[in-house]
Amino acid sequence: SGEMSSQVRLKLLPSARCLFDEPVQVKVAGLRSRQVVTVRVSSTDERGVVFSSSATYRADGSGEIDLKRDPSLSGSYVGVEPMGLLWSMRADALNKRFQKTNSLNPHVVKFSVHEEWEGRMLAEATNERLLIGEGVRRLPVKEGNIRGVLFTPPGGGPFPAVLDLYTFGGGLSEKRASLLAHLGFVVLTVALYGHDDMPKKIKEVHLDYFEEAIEFLKQQNEV
């Protein structure tokens with residue numbers, strides 16, 4: 001009945017907005033006692049590839065499900081795994097890794113609760129997983145040969161510095177660098193090729209590029 005689904009609540013705790021690497025507690029309330037439901041999760045990466053997962057749970061006597069306590073009975077994972085719906089997500093295309101390189105847009109994950117057997121939706125919620133923490137500064141770098149992005153924590157420092165060589169696959173990835181900056185590191189993530197005015201492909205890596213990047217980091221006031 002329509003009344004039942006309007007009472008069902010899907011809660012993401014402590015908040016529906018969190019940092020990309022922070023756990024979120026998933027709770028469902030307002031179900032019938034011992035009702036079996038499917039929770040589905042989906043997210044689209046920067047190339048438009050959809051990743052999804054689903055799992056089936058049985059509510060307790062008061063019609064509640066808590067993923068910290070309740071096991072998945074079947075689906076993308078089984079057993080008690082508070083973040084299982086996130087780490088078990090798979091692409092709808094073969095051999096695709098989740099691509100999230102831009103730090104400015106949050107990683108958006110949609111949660112929904114359905115009647116068993118892929119039935120109608122009872123409740124939904126959206127989790128925004130932010131890559132840039134409060135006060136972290138982001139500065140694109142194009143100096144000498146260096147092409148990359150510098151992330152600086154809030155405050156004056158001095159902070160330890162990290163050179164992030166995440167992208168031997170070409171292009172630039174900001175995800176790890178921006179999260180490390182939130183933890184108190186000045187991080188320069190650099191591209192080797194396939195970014196901005198750099199060559200599309202390279203045959204060899206010149207180590208003096210990294211030396212130049214380290215010198216650039218040493219010159220930063222916060223380091």
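Expressed to the nearest 0.5 Å, how far CG of L179 lies from CD1 of I132 amounts to 9.5 Å. Distance CG/N127 to CG/L85: 11.5 Å, rounded to 0.5 Å. Between the OG1 atom in T189 and the CG atom in L150 there is a gap of 10.5 Å [rounded to 0.5 Å]. Here the straight-line distance linking atom OG of S52 with atom NZ of K110 works out to 13.0 Å at 0.5 Å rounding. Note that the NE2 atom of H114 and the OG1 atom of T56 stand 11.0 Å from one another [nearest 0.5 Å]. The CD atom of E46 sits 7.0 Å away from atom CG of N105, with the distance rounded to the nearest 0.5 Å.
By the rule that hydrophobic residues join a cluster once side-chain heavy atoms approach within less than 4.5 Å of another member, V8 and L12 end up as members of one cluster. No continuous path of ILVMFWY side-chain contacts below 4.5 Å connects Y209 to V187, so the two sit in separate hydrophobic clusters. Hydrophobic clustering of Ile, Leu, Val, Met, Phe, Trp and Tyr side chains at less than 4.5 Å, counting indirect connections, keeps L13 apart from L67. Side-chain heavy atoms closer than 4.5 Å link hydrophobic residues (I, L, V, M, F, W, Y) into clusters, and following such links, possibly through other members, connects L163 to V141. Grouping the Ile, Leu, Val, Met, Phe, Trp and Tyr side chains by contacts below 4.5 angstrom, directly or via other members, places V113 with M83.
Although no hydrogens or angles enter the test, the distance criterion places no donor-acceptor pair under 3.5 Å between the side chain of E81 and the main chain of Y77. Between the side chain of D164 and the backbone N or O of L188 there is no donor-acceptor pair closer than 3.5 Å. In this structure, the side chain of S43 engages the main chain of V108 through a donor-acceptor pair within 3.5 Å. Remark: the backbone N or O of R32 is paired with a side-chain donor or acceptor of Q35 at under 3.5 angstrom. In terms of modelled atom types and a separation under 3.5 Å, the side chain of S33 and the main chain of G61 share a donor-acceptor contact. Under a 3.5 Å cut-off, the side chain of S62 and the backbone N or O of E64 do not form any donor-acceptor pair. Using a distance-only test at 3.5 Å, with no hydrogens or angles considered, a donor-acceptor pair links the side chain of R147 to the main chain of G144. For S178 (side chain) and L131 (main-chain N/O), a donor-acceptor pair under 3.5 Å exists by modelled atom type. Distance alone, capped at 3.5 Å, places no donor-acceptor pair between the R90 side chain and the S76 backbone.
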- Any chance you could lay out the side chain to side chain contact (heavy atoms under 4.5 Å, CB included) test for T126 and V109, step after step, and finish with the verdict? CA-CA 6 Å; T126 300; V109 184; over 6 Å; no
- Message: Before you tell me yes or no, could you show the steps for F159 and V223 under side chain to side chain contact (heavy atoms under 4.5 Å, CB included), namely the whole-Å CA-CA distance, both residues' side-chain angles and the distance that decides it to 0.1 Å?
- Response: CA-CA 5 Å; F159 301 108; V223 172; 6.0 Å; no
- Message: Using the rule given for side-chain hydrogen bond (donor to acceptor under 3.5 Å, both in side chains), can you reason through S112 versus E124, listing the C-alpha separation, both sets of side-chain angles and the distance that settles it, and then say yes or no?
- Response: CA-CA 4 Å; S112 54; E124 61 184 330; over 6 Å; no
- Task: Let me see the working for D92 and V49 under side chain to side chain contact (heavy atoms under 4.5 Å, CB included), right down to the final yes or no.
- Result: CA-CA 7 Å; D92 60 5; V49 178; 3.7 Å; yes
- Would you check, one step at a time, whether the test side chain to side chain contact (heavy atoms under 4.5 Å, CB included) holds for V26 with F111? CA-CA 9 Å; V26 184; F111 286 77; 3.8 Å; yes
- Trace of the ring pair (Phe, Tyr, Trp, His ring centres under 6.0 Å) decision for H107 with F98: CA-CA 11 Å; H107 171 213; F98 193 89; 4.8 Å; yes
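Across all non-hydrogen atoms, the minimal contact from A181 to F151 is CB-CB, 3.6 Å. Between P106 and L130, the closest heavy-atom pair is CB-CD2, 3.6 Å. For the pair S72 and A55, the tightest heavy-atom approach, listed with the atom from each and the gap, is OG-CB, 3.4 Å. Taking each heavy atom of I146 and A213 in turn, the nearest pair found is CD1-CA, 3.7 Å. Considering all non-hydrogen atoms of both residues, S54 and T38 come closest at CB-CG2, 4.0 Å. Between L172 and G148, the shortest heavy-atom contact is CD1-CA, 3.9 Å.
Residues T152 and Q220 are not in side-chain contact: their nearest non-hydrogen atoms beyond the backbone lie 4.5 Å or more apart. No side-chain heavy atom of V37 sits under 4.5 Å from any side-chain heavy atom of E116. For the pair L104/R138, a side-chain contact is recorded, criterion being any heavy-atom separation below 4.5 Å from C-beta on.
In this structure, R58 places its CZ atom where only 12 or fewer heavy-atom neighbours from other residues, nucleotides or ligands lie under 6.0 Å away.
A salt bridge links E222 with R137; the closest basic N to acidic carboxylate O contact falls under 4.0 Å. Using a cutoff of 4.0 Å between basic side-chain nitrogens and carboxylate oxygens, E22 and R129 are not scored as salt-bridged. Electrostatic pairing of D45 and R47 counts as a salt bridge here, judged by a charged N lying under 4.0 Å from a carboxylate O. Look at D60 and R69 and you find a salt bridge, because one of the NZ, NE, NH1 or NH2 atoms lies within 4.0 Å of a carboxylate O, short of that distance.
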